[in-house]
Amino acid sequence: MDLGALFEVFADKVRRGEPLVPDASILKIFASELYQRTSEAMLSISGECAGLLEPIEGERQLNIGSAYL
């Protein structure tokens with residue numbers, strides 16, 4: 001939810017025709033760190049055999065090991 005809210009702040013600026021300030025880089029950093037924490041949690045939950053697991057079914061197939069890499 002925080003990532004979505006931060007995205008909306010910068011998207012609103014673009015819609016109003018305002019230039020993006022260097023602070024927009026925070027969005028990329030925040031998204032990257034969130035993805036890293038999520039993939040580390042998936043690895044932790046799946047255990048030492050995470051790289052050997054079959055992809056998770058869903059909207060798109062997700063391989064836990066490759067998500068971390």
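A quick note: this is a predicted structure, and the numbers were derived from the prediction, not measured.
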Using side-chain contact (heavy atoms from CB on, under 4.5 Å) as the criterion, list what pairs up with Asp2, not counting sequence neighbours. Phe30
Given a cutoff of under 4.5 Å between side-chain heavy atoms of I, L, V, M, F, W and Y, with clusters grown through shared members, what are the other residues clustered with Val9? none
Not counting sequence neighbours, which residues clear side-chain contact (heavy atoms from CB on, under 4.5 Å) with Leu34? List them please. Leu3, Arg37, Thr38
Sequence neighbours excluded, the answer for salt bridge (Lys or Arg N to Asp or Glu O under 4.0 Å) partners of Glu33 is none
Pairs in or reaching into residues 8-17: which pass salt bridge (charged side-chain N to carboxylate O under 4.0 Å, His left out), with residues at least two apart or in two chains? Glu8-Arg15, Asp12-Arg15, Arg16-Glu18
Please check if Phe7 and Tyr35 belong to a single hydrophobic cluster, counting links between Ile, Leu, Val, Met, Phe, Trp and Tyr side chain heavy atoms closer than 4.5 Å. no
So, for Leu6 and Leu27, which heavy atoms are closest and what is the spacing to 0.1 Å? CD2-CA, 3.8 Å
